[in-house]
Enquirer: 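The structure that follows is given in the form of structure tokens.
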Number of protein chains: 2
Amino acid sequence: MRTPLAPDMFDPVCPSELSPIRFGDKWAGLVIRCLEGGPRRYSELRVPLRRVSPKALTASLRSLERTGLVARTVRTAPVRAVEYALTPLGHSMIAPMNAACAWASEHWDELLDAREGLGTR
Amino acid sequence: MRTPLAPDMFDPVCPSELSPIRFGDKWAGLVIRCLEGGPRRYSELRVPLRRVSPKALTASLRSLERTGLVARTVRTAPVRAVEYALTPLGHSMIAPMNAACAWASEHWDELLDAREGLGTR
DNA sequence: CGGTATCCAACACGATACTG
DNA sequence: CAGTATCGTGTTGGATACCG
């Protein structure tokens, strides 16, 4: 199955913004979300993740590869194309990620309150 | 309810060691685990977390306070004592933490494989 | 007892330019 | 197309010593 990519992962507000739960490095969670709907080429990923520099994106992908969550495959003919896809292990992370997102949504107002309570003191 | 603290959070092997899922900063997850069984004083926390420098432990606690997961209370009489406890929000994180731990346990061998597959190439 | 102060090394991340 | 090279900055975390 191959669903369309979100046009911009930073629009309007990333629900994970306030959540303390992180999956790997800074961008790993968003990258996994982008790969959830099927394999993607590097340049495809750059569109919704346009606010991430190529260096940081590559670093995140390499890290995900190292952890075994993402597989990188290169095709040379007819044109060079590099595809990134979730491994079975990567797919298995979707469940805990959804749990984390659900938690953040449920406690959104408390998380906001905590952040604001700080500014005032 | 107030259960005894683990003697050493780093012994024998932390199950979260290989997991890419993080809760806040480097030590936040372990700190939350220590507070799960009831409020603790700073010096109590330092025992199971003795491999964490006081500076890093304080930083982690402050960060958890800021996020609204931990409450800090000071008692001055008869002696000065500072207690850290999970807030309701903090307690609500136990569920996603357990989900993350379960995930790591289930996929432990795959995570190990991924790490080792790297050393060889 | 419950932290700070200080110093330092390592790393993460961004911007930009460039390349096989 | 799919990155790498380079440079610079900011943050993280450890070690150690000290303090009210």
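First the proteins, then the strands, lettered A, B, ... as listed; each starts at 1.
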Enquirer: Under the ring-ring contact (aromatic ring centres under 6.0 Å, His included) rule, what pairs show up with a residue in residues 33-83 of chain B, not counting sequence neighbours?
Expert: none

Enquirer: I need the OH-C1' distance between B/Tyr84 and C/dC1, as an integer number of Å.
Expert: 11 Å

Enquirer: Who are the salt bridge (Lys or Arg N to Asp or Glu O under 4.0 Å) partners of B/Arg33, not counting sequence neighbours?
Expert: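 Listed in chain order: B/Glu36.
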
Enquirer: Using a cut-off of 4.0 Å on non-hydrogen atoms, how would the nucleic acid contact of B/Arg75 be classed: base, sugar-phosphate, or nothing?
Expert: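 Answer is nothing: B/Arg75 stays at 4.0 Å or more from every strand.
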
Enquirer: Classify the nucleic acid contact of B/Arg41 as base, sugar-phosphate or nothing, counting any heavy atom under 4.0 Å across all strands shown.
Expert: sugar-phosphate

Enquirer: Mind checking what makes salt bridge (Lys or Arg N to Asp or Glu O under 4.0 Å) contact with B/Glu44, not counting sequence neighbours?
Expert: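 B/Glu44 satisfies salt bridge (Lys or Arg N to Asp or Glu O under 4.0 Å) with B/Arg2 once adjacent residues are dropped.
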
Enquirer: Check salt bridge (Lys or Arg N to Asp or Glu O under 4.0 Å) between B/Arg50 and all other residues, then give those that pass, not counting sequence neighbours.
Expert: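 Testing B/Arg50 for salt bridge (Lys or Arg N to Asp or Glu O under 4.0 Å), a comparison that skips the adjacent residues, returns B/Asp8.
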
Enquirer: Check every strand shown and say whether B/Ala81 touches a base, only sugar-phosphate, or nothing at a heavy-atom separation below 4.0 Å.
Expert: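 The residue B/Ala81 makes sugar-phosphate contact but no base contact.
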
Enquirer: Between which nucleotides of DNA chain D, read 5' to 3', does contact with chain A run, using atoms under 4.0 Å from its heavy atoms?
Expert: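 Contacts span D/dC1 to D/dC7, reading 5' to 3'.
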
Enquirer: Bend angle of the helix from C/dC1-D/dG20 to C/dG20-D/dC1 from five-pair axes at both ends, rounded to 10°?
Expert: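 Answer for the end axes of this duplex: 50°.
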
Enquirer: With sequence neighbours left out, write down each residue that passes side-chain hydrogen bond (donor to acceptor under 3.5 Å, both in side chains) with A/Arg72, or none if nothing qualifies.
Expert: A/Tyr84

Enquirer: Any donor-acceptor pair under 3.5 Å linking the side chain of B/Thr58 with the backbone of B/Pro54?
Expert: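 Yes; at least one donor-acceptor contact below 3.5 Å.
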
Enquirer: Can you build the contact string for nucleotides 4-13 of chain C? Use B for base contact, S for sugar-phosphate-only contact, and - for no protein heavy atom under 4.0 Å.
Expert: B-BB-----B

Enquirer: Within the side chain of B/Ser105, is there an N or O that forms a donor-acceptor pair under 3.5 Å with the backbone of B/Cys101?
Expert: yes

Enquirer: Going by side chain to side chain donor-acceptor pair (under 3.5 Å), name the pairs with one or both residues in residues 20-30 of chain B, residues two or more places apart or in two chains.
Expert: B/Asp25-B/Ser60

Enquirer: Taking side-chain contact (heavy atoms from CB on, under 4.5 Å) as the test, write out the residues that go with A/Ala81, two or more places apart.
Expert: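 Expected list: A/Arg41, A/Arg75.
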
Enquirer: Counting the atoms with a prime plus P, OP1 and OP2 as sugar-phosphate, which does A/Arg51 contact under 4.0 Å by heavy atoms, base, sugar-phosphate, or nothing?
Expert: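 Touches nothing.
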
Enquirer: The test is side-chain hydrogen bond (donor to acceptor under 3.5 Å, both in side chains); show your working for A/Ser19 and A/Trp103 and say whether it passes.
Expert: CA-CA 9 Å; A/Ser19 167; A/Trp103 177 87; over 6 Å; no

Enquirer: Counting only N and O atoms by type, is there a donor-acceptor contact under 3.5 Å from the side chain of B/Thr87 to the main-chain atoms of B/Leu69?
Expert: yes

Enquirer: Please state how far atom CZ in A/Arg50 lies from atom P in C/dT16, giving the value in whole angstrom units.
Expert: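 Rounded to the whole Å, the gap is 17 Å.
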
